[in-house]
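Report on the structure given below.
Nothing here was measured: the structure is a model prediction, and the numbers come from that model. Below, each value reflects all heavy atoms present in this structure, side chains not excepted, and no hydrogens, waters or symmetry copies.
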Amino acid sequence: MAAARLVKCKYCGIQFDRNKEPFIEVSARRYAHKECADKYQQSFSQDELDYMELEKYIKKLFNINVVSARIKKQIKDYKQEYGFTFTGMQKTLYWWFEVKRNSIDQANEGIGIVPYVYKEAHDYYYRLYLAKMANEDITDTIPKAEVQEIEIGIPQVYINPPKLFNFGDEKR
């Protein structure tokens, strides 16, 4: 029998046993009931969820714990000036650094590349979408191959008998 692992829910404040109830790890050493976390997630708008996903991706990309004020200002400016979406910025960063394999060192711990490559990334994802749509239409166009069964007999091995000496054929 496992020992009780009592933890306190981040959202409702009630203690519960992690071994007996479904839970979600909110952060390092912070837990919540699954229901409480779902209710908390539903309280956010889609835009807020997209912003949190963008920040989470930036933290993972640059291997940092906190998004700097510089990056937050860049995100805010790109949203207001250019009308970029948070999801669009995240996908642009993914495309630039992971698909195109450009160096993170040249980013100078910022996301200044986004306005320059946003359109290219948009075109890339749009072409992927079009390819997916075209592939969904193709379902039964590939004809099924006819199967022919061929019976192969048991292989027979022919062994040449050893050549015996024939004294009459010898040359003198």
Side-chain angles (χ1 to χ4, degrees), residues 2 4-142:
R5 294 197 174 240
L6 295 176
V7 292
K8 191 175 192 180
C9 179
K10 180 179 178 181
Y11 304 115
C12 70
I14 299 172
Q15 272 194 338
F16 67 95
D17 186 1
R18 287 189 326 181
N19 293 333
K20 295 181 181 176
E21 295 184 40
F23 69 94
I24 291 179
E25 190 171 351
V26 179
S27 62
R29 300 182 340 169
R30 295 294 307 260
Y31 303 95
H33 293 106
K34 181 150 176 50
E35 301 85 27
C36 295
D38 290 342
K39 287 178 189 174
Y40 181 73
Q41 288 289 332
Q42 290 173 356
S43 68
F44 290 118
S45 68
Q46 186 62 43
D47 208 34
E48 292 171 323
L49 291 172
D50 292 343
Y51 181 76
M52 287 190 289
E53 284 295 315
L54 174 61
E55 280 195 344
K56 188 165 109 178
Y57 180 72
I58 290 171
K59 288 177 190 176
K60 181 182 139 247
L61 183 67
F62 292 115
N63 198 18
I64 54 177
N65 294 330
V66 178
V67 176
S68 67
R70 175 182 172 204
I71 293 176
K72 287 185 180 186
K73 183 175 182 339
Q74 287 175 325
I75 293 171
K76 179 182 170 194
D77 290 345
Y78 299 156
K79 176 85 170 159
Q80 290 176 349
E81 290 178 29
Y82 301 108
F84 294 164
T85 63
F86 298 127
T87 306
M89 286 185 259
Q90 179 183 352
K91 287 182 177 182
T92 300
L93 290 171
Y94 179 84
W95 174 77
W96 182 251
F97 290 114
E98 296 188 33
V99 175
K100 298 283 281 184
R101 299 206 181 266
N102 288 301
S103 175
I104 295 172
D105 298 333
Q106 293 178 349
N108 295 327
E109 296 181 6
I111 59 169
I113 192 67
V114 170
Y116 299 102
V117 296
Y118 191 87
K119 178 72 173 129
E120 291 177 50
H122 177 272
D123 294 343
Y124 168 78
Y125 284 107
Y126 185 67
R127 286 191 304 273
L128 283 179
Y129 169 76
L130 291 177
K132 180 182 175 191
M133 288 290 133
N135 286 335
E136 284 181 357
D137 293 341
I138 301 172
T139 53
D140 295 330
T141 57
I142 300 172

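- Using a 4.5 Å heavy-atom cutoff, the side chains of Tyr11 and Lys39 are not in contact.
- Put simply, the side chain of Cys12 reaches to within 4.5 Å of the side chain of His33, judged on heavy atoms.
- Put simply, the side chain of Tyr129 reaches to within 4.5 Å of the side chain of Met133, judged on heavy atoms.
- Atom CD1 of Ile104 and atom CZ of Phe97 lie 6.0 Å apart (nearest 0.5 Å).
- Atoms CD and SG, from Gln41 and Cys36 in turn, are 12.5 Å apart once rounded to the nearest 0.5 Å.
- Distance alone, capped at 3.5 Å, is enough to place a donor-acceptor pair between the Asp17 side chain and the Arg5 backbone.
- Annotation for Arg70 and Asn108: closest pair NH1-O, 2.6 Å, computed over non-hydrogen atoms.
- Residue-environment remark: CD (Glu98) exceeds the threshold of 12 foreign heavy atoms within 6.0 Å.
- Ring orientation note: the planes of Trp95 and Tyr124 are tilted relative to one another, at an angle of 30° to 60°.
- The aromatic rings of Phe86 and Tyr51 sit perpendicular, their planes meeting at an angle over 60°, well past the 30° parallel limit.
- For Lys59 against Val66, the heavy-atom pair with the smallest separation is CE-CA, 4.4 Å.
- Checked by atom type and distance alone, the side chain of Gln74 pairs as donor or acceptor with a backbone atom of Ile111 at under 3.5 Å.
- Here the two rings, on Tyr82 and Tyr118, have centers that are 6.0 Å apart or farther.
- The shortest distance between side-chain heavy atoms of Phe23 and Val7 does not fall below 4.5 Å.
- The closest side-chain donor-acceptor pair between Asp38 and Gln42, if any, does not fall under 3.5 angstrom.
- To the nearest 0.5 Å, the span separating NZ on Lys56 from CG on Leu49 amounts to 10.5 Å.
- The existence of a salt bridge linking Asp123 and Arg127 is excluded, since no basic side-chain nitrogen approaches an acidic carboxylate oxygen closer than 4.0 Å.
- The neighbour count for Gln106 CD, taken as heavy atoms of other residues, nucleotides or ligands under 6.0 Å away, does not exceed 12.
- Nearest heavy-atom pair, Phe16 versus Lys8, reported as atom, atom and distance to 0.1 Å: CE2-C, 4.3 Å.
- Within the 4.5 Å cutoff, the side chain of Glu55 has no heavy atoms near those of the Met52 side chain.
- For Asp47 and Lys79, the salt-bridge test passes: some basic side-chain N is under 4.0 Å from an acidic carboxylate O.
- Within the 4.5 Å cutoff, no side-chain heavy atoms of Asp50 are placed close to those of Thr85.
- We find the CD-CD distance between Glu21 and Gln15 to be 11.0 Å, quoted to the nearest 0.5 Å.
- The side-chain heavy atoms of Ile58 and Ile75, taken from C-beta on, include a pair separated by under 4.5 Å.
- Closest heavy-atom contact between Gly110 and Phe62: O-CZ, 3.4 Å.
- Across every non-hydrogen atom of Leu93 and Val114, the tightest pair is CD2-CG2, 3.7 Å.
- Between Lys10 and Tyr40, the closest side-chain pair of non-hydrogen atoms is not below 4.5 Å.
- Panel note: side chain Glu120, backbone Val117; no donor-acceptor pair is recorded below 3.5 Å.
- To the nearest 0.5 Å, atoms CD1 (Ile24) and CD (Glu35) are separated by 9.0 Å.
- Across every non-hydrogen atom of Tyr125 and Lys91, the tightest pair is OH-O, 3.3 Å.
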